[in-house]
There are 2 protein chains.
Amino acid sequence: MFLRITTAPLSLPNSLNDFGMTSSSNPIVSLNEFTYKKGTEIYGEKESAEYVYQVKTGAVRSYKLLSDGRRQIGAFHLVGDIFGLENGASHRFTAEAIVETTVRLIRRQSLETVADSDVMVAKNLLCMTTNNLQHAEDHMLLLGRKTSLERVAAFLLEMDKRIAASAVMALPMSRRDIADYLGLTLETVSRALSRLHELGVIGFLGNTQRQIVLLDRQQLATIDLQD
Amino acid sequence: MFLRITTAPLSLPNSLNDFGMTSSSNPIVSLNEFTYKKGTEIYGEKESAEYVYQVKTGAVRSYKLLSDGRRQIGAFHLVGDIFGLENGASHRFTAEAIVETTVRLIRRQSLETVADSDVMVAKNLLCMTTNNLQHAEDHMLLLGRKTSLERVAAFLLEMDKRIAASAVMALPMSRRDIADYLGLTLETVSRALSRLHELGVIGFLGNTQRQIVLLDRQQLATIDLQD
DNA sequence: CGGAGTGTTGATAAGAGTCAATACTAGTGG
DNA sequence: CCACTAGTATTGACTCTTATCAACACTCCG
């Protein structure tokens with residue numbers, strides 16, 4: 001197997017805090033780390049949801065498949081993001097590591113137990129679910145009504161908000177991943193990026209095609225029509 | 001104004017129960033009814049969310065608009081459905097009555113107050129939000145990856161589950177509404193329905209085009225590829 | 001260096017959109 | 001009650017965006 005198991009330090013970093021747990025409210029929640037190689041599955045659709053995950057390093061894609069192989073990526077999970085949070089017992093997406101990825105694991109059951117008594121934790125669960133819902137709602141508008149250029153512009157702006165360490169954005173995902181996120185083909189994504197390049201809105205850095213510089217955020221925002 | 005205001009009977013019907021409230025847990029939550037005429041707005045996007053709603057009779061569409069008028073309907077709310085539940089302070093959709101519609105109103109604040117103390121209510125809020133999330137996730141797959149025929153088939157099956165009083169389904173919404181829900185044009189929806197009619201999968205009842213009979217659910221499910 | 005994986009670009013096809021004509025339905029008022 | 005009208009639905013002809021198929025280029029590894 002490709003898994004490397006390590007025990008987390010006892011001084012909690014920030015994952016439990018993200019659920020609104022204070023050090024006093026819950027002393028011991030199983031907290032481990034796993035590392036997944038590029039392209040490996042973290043969990044499958046309809047598998048029982050035993051853990052909730054937080055990305056420590058790397059990037060993850062969550063997707064659904066139709067029976068003939070068509071794929072729709074519902075979300076990308078980047079460093080710090082929590083994913084795999086389901087209310088029912090089973091996962092509604094398949095999650096895969098896009099690149100080598102280390103995640104923190106929280107047992108779902110321990111989380112639920114705490115939520116039963118701690119209203120603060122319960123509220124945070126609701127808040128996180130609501131954020132996911134809001135993202136899905138915005139994405140429905142993109143998938144249902146935006147043109148290919150608008151979709152790619154929206155994608156770049158979203159990633160800029162979430163990744164941009166500096167002016168340059170290092171995308172972990174391939175053109176195919178972007179296409180399956182935006183409901184397009186990889187060729188259409190490539191053409192849209194070329195077009196934005198011609199227009200002087202974005203630039204490519206170095207010799208890789210995944211390092212993108214946003215030269216004109218203003219114009220990108222104009223291309224991506226807002227609601 | 002088009003509003004008719006009535007006070008609800010003191011014996012709670014089922015709306016508060018839907019939030020997990022027992023008669024003992026909370027005696028008084030403001031509970032009123034409003035009636036909206038066909039086509040009128042119940043609330044607008046970005047308006048502050050003062051109430052949560054439950055459809056008593058009628059039907060509601062929730063949608064987002066792009067600046068140039070393109071519309072994406074995120075959900076239809078039918079009898080019994082609760083909508084307008086936002087975590088943030090403001091609505092993320094515009095809600096309109098599709099036909100004359102009566103709703104029950106619950107003050108958002110009173111709901112929040114109860115949720116702070118009553119874990120049961122908080123859990124029900126989470127559960128409802130999760131159901132909305134699940135619907136949005138499934139709809140992303142439809143919008144991103146399904147063909148027009150698959151979308152219309154999926155729509156009919158969804159409505160069949162939710163409306164079908166008998167074998168016949170009386171759709172409250174127009175072809176345009178269906179189109180904006182499925183990310184298509186009304187012409188494409190009409191053609192898909194005609195095609196399903198030719199194929200003997202559905203039938204039209206009486207002299208209206210909105211009464212549809214599902215003649216072959218099996219084949220409909222085959223057309224709508226599942227994940 | 002070689003080969004697999006990834007990305008770009010071009011030619012063509014197909015599905016859905018647009019525009020337009022017509023039919024059907026429901027609501028209005030004489 | 002019927003005729004008129006506005007709104008809604010269907011269908012056809014044509015266009016356009018995006019998908020598909022294919023060739024080629026680049027990059028990252030071993």
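A, B, ... follow the sequence lines: proteins, then strands. Residue 1 opens every chain.
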Enquirer: Have a look at the helix from C:dC1-D:dG30 to C:dG30-D:dC1 and give the angle its two end axes make, five pairs each, rounded to 10 degrees.
Expert: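 Taking the rotation axis at each end, their angle is 40°.
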
Enquirer: Can you find a donor-acceptor pair, distance only, under 3.5 Å between A:Arg191 side chain and C:dG10 base?
Expert: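 Side chain to base: pair found, below 3.5 Å.
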
Enquirer: Checking contacts here: which listed nucleotide (C:dA16, D:dT27, D:dT18) is nearest the side-chain heavy atoms of A:Gln209?
Expert: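 Among the listed nucleotides, the one closest to the side chain of A:Gln209 is D:dT27.
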
Enquirer: Counting only heavy atoms not in B:Arg162, do more than 12 fall under 6.0 Å of its CZ?
Expert: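 Check passes, neighbour count above 12.
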
Enquirer: I need the full list of side-chain hydrogen bond (donor to acceptor under 3.5 Å, both in side chains) pairs touching residues 218-227 of chain A, with sequence neighbours left out, sorted by first then second residue.
Expert: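 Sorted pair list: A:Lys146-A:Asp224.
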
Enquirer: In whole Å, I'd like the distance from the CD atom of A:Gln211 to the C1' atom of D:dC28.
Expert: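 In whole Å, D:dC28 C1' and A:Gln211 CD are 14 Å from each other.
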
Enquirer: CZ of A:Phe204 versus P of C:dG7: gap in Å, rounded?
Expert: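 Taking atom P of C:dG7 as the reference, CZ of A:Phe204 is at 11 Å.
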
Enquirer: D:dT18 P sits how many Å from A:Arg145 CZ, rounded?
Expert: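 After rounding, the reported distance stands at 13 Å.
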
Enquirer: Could you state the atom-to-atom distance from CG of A:Leu196 to P of C:dT8 in whole Å?
Expert: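 Distance check: A:Leu196 CG to C:dT8 P gives 12 Å.
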
Enquirer: Could you check how far CG of B:Leu142 sits from P of C:dA16, rounded to whole Å?
Expert: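 Computing the B:Leu142:CG to C:dA16:P distance gives 12 Å.
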
Enquirer: Keeping A:Thr102 on the side-chain end and A:Thr35 on the backbone end, is there a donor-acceptor pair under 3.5 Å?
Expert: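 Such a contact is absent between A:Thr102 side chain and A:Thr35 backbone.
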
Enquirer: Would you say B:Ser148 reaches C:dG15's phosphate, i.e. side-chain N/O to OP1/OP2 under 4.0 Å?
Expert: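 Checking B:Ser148 against C:dG15: no side-chain N or O falls below 4.0 Å of OP1 or OP2.
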
Enquirer: Can you tell me how the ring of B:Tyr181 sits relative to the ring of B:Phe76, calling it parallel under 30°, perpendicular over 60° and tilted otherwise?
Expert: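 Tilted, since the angle between the ring planes falls between 30° and 60°.
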
Enquirer: Round to a whole Å and report the spacing from CZ of B:Arg151 to C1' of C:dG17.
Expert: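 Distance, rounded to whole Å: 13 Å.
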
Enquirer: Please tell me whether A:Glu47 and A:His91 have a donor and an acceptor in their side chains that are separated by less than 3.5 angstrom.
Expert: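 No.
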
Enquirer: Would you say the side chains of A:Tyr51 and A:Arg107 form a donor-acceptor pair under 3.5 Å?
Expert: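 There is such a pair between these side chains.
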
Enquirer: Between the side chains of A:Glu96 and A:Tyr63, does any donor sit under 3.5 Å from an acceptor?
Expert: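 A donor-acceptor contact under 3.5 Å links the two side chains.
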
Enquirer: Does A:Arg210 put a side-chain nitrogen or oxygen below 4.0 Å from OP1 or OP2 of C:dG7?
Expert: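 Yes, because at least one side-chain N or O of A:Arg210 sits under 4.0 Å from OP1 or OP2 of C:dG7.
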
Enquirer: Under a 4.0 Å heavy-atom cut-off, which of residues 174-190 of chain B touch DNA chain D?
Expert: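 Correct list: B:Ser174, B:Arg175, B:Leu186, B:Glu187, B:Ser190.
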
Enquirer: Looking at A:Arg92, is its backbone amide N or carbonyl O close enough to the side chain of A:Lys64 to form a donor-acceptor pair, meaning the two atoms are under 3.5 Å apart?
Expert: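 Yes, because the side chain of A:Lys64 sits within donor-acceptor range (under 3.5 Å) of the backbone of A:Arg92.
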
Enquirer: How many whole angstroms separate atom CG of B:Asn207 from atom P of D:dG7?
Expert: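 One finds 20 Å between P of D:dG7 and CG of B:Asn207, rounded.
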
Enquirer: Atom NZ of B:Lys38 to atom C1' of C:dT25: distance rounded to whole Å?
Expert: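 So the two atoms are 11 Å apart, to the nearest Å.
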
Enquirer: Heavy-atom count check: over 12 atoms from other residues, nucleotides or ligands less than 6.0 Å from A:Arg70 CZ?
Expert: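 Counting neighbours around CZ of A:Arg70, more than 12 heavy atoms of other residues, nucleotides or ligands fall under 6.0 Å, so yes.
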
